[in-house]
Amino acid sequence: MAAPAIAAEPDQARQKELVHLVRQDCGSCHGMTLKGGLGPALLPENLRDKPVEGLAAAIYYGRPGTPMPPWQQFLSEAEAAWIVEKLMTEFPQ
């Protein structure tokens, strides 16, 4: 995956959909407040040492051998990078 250096900004409607996806679907494993659960916490302090490209690839392709599924049928690589960018700062409510 060749993640863009700067995540393309989805339009407002798509941002709202992506926030909902992360809060509901990702939250089912990572905790509804993203503080962790089956999957690790997705808070800025937990992600700051992780490579952005690797996190975006984990979202897009999943992590084989783990419960982390690929999300490529629901979002683009640029949208995965946008999600990581937001997770590393403060994810919208």
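No experiment lies behind these values; they were computed from the predicted model shown. As a basis for the values below, the full set of heavy atoms in this structure was taken, side chains included, without hydrogen atoms, waters or symmetry mates.
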Asker: Roughly how far apart are D11 CG and K16 NZ, rounded to 0.5 Å?
Answerer: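 Output value for this atom pair is 12.0 Å.
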Asker: Check whether any side-chain N or O of H30 sits under 3.5 Å from a backbone N or O of G36 as a donor-acceptor pair, and report yes or no.
Answerer: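 Answer holds: no.
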Asker: Side-chain polar contacts of residues 18-29 - donor-acceptor pairs under 3.5 angstrom, sequence neighbours left out - could you list them?
Answerer:
| from | atom 1 | to | atom 2 | distance (Å) |
| --- | --- | --- | --- | --- |
| R23 | NE | P92 | O | 3.2 |
| R23 | NH2 | F91 | O | 3.2 |
| R23 | NH2 | P92 | O | 3.0 |
| S28 | OG | D25 | O | 2.7 |

Asker: Provide the closest heavy-atom pair for V84 versus A56 in the form atom of the first, atom of the second, distance.
Answerer: CG2-N, 3.6 Å
Asker: With rounding to the nearest 0.5 Å, note down the distance linking OG1 in T33 to CG in L43.
Answerer: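 Answer rounded to 0.5 Å: 7.0 Å.
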Asker: Indicate every side-chain donor-acceptor pair of residues 63-73 with a distance under 3.5 Å to a residue at least two apart or in another chain.
Answerer:
| from | atom 1 | to | atom 2 | distance (Å) |
| --- | --- | --- | --- | --- |
| T66 | OG1 | R63 | O | 2.6 |
| T66 | OG1 | M68 | N | 3.1 |
| W71 | NE1 | P69 | O | 3.3 |

Asker: Atom CD1 in I83, atom CD in Q15: separation rounded to 0.5 Å?
Answerer: 11.0 Å
Asker: Looking at CE of M88 and CG of L42, how far apart are the two atoms once the value is rounded to the nearest 0.5 Å?
Answerer: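 M88 CE to L42 CG: 11.0 Å, rounded to 0.5 Å.
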Asker: Side-chain contact, heavy-atom cut-off 4.5 Å: V52 with E85?
Answerer: no
Asker: Provide the closest heavy-atom pair for A80 versus L75 in the form atom of the first, atom of the second, distance.
Answerer: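 Of all heavy-atom pairs spanning A80 and L75, the closest is CB-CD1, 3.9 Å.
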Asker: With R14, which residues qualify under side-chain hydrogen bond (donor to acceptor under 3.5 Å, both in side chains), at least two apart?
Answerer: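 R14 satisfies side-chain hydrogen bond (donor to acceptor under 3.5 Å, both in side chains) with E17, E79 only.
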Asker: May I ask you to check whether over 12 heavy atoms, not counting those of E45, lie within 6.0 Å of atom CD?
Answerer: yes
Asker: Please tell me if the side chains of L34 and L87 come closer than 4.5 Å, counting only heavy atoms from C-beta onward.
Answerer: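 Yes, their side chains come closer than 4.5 Å.
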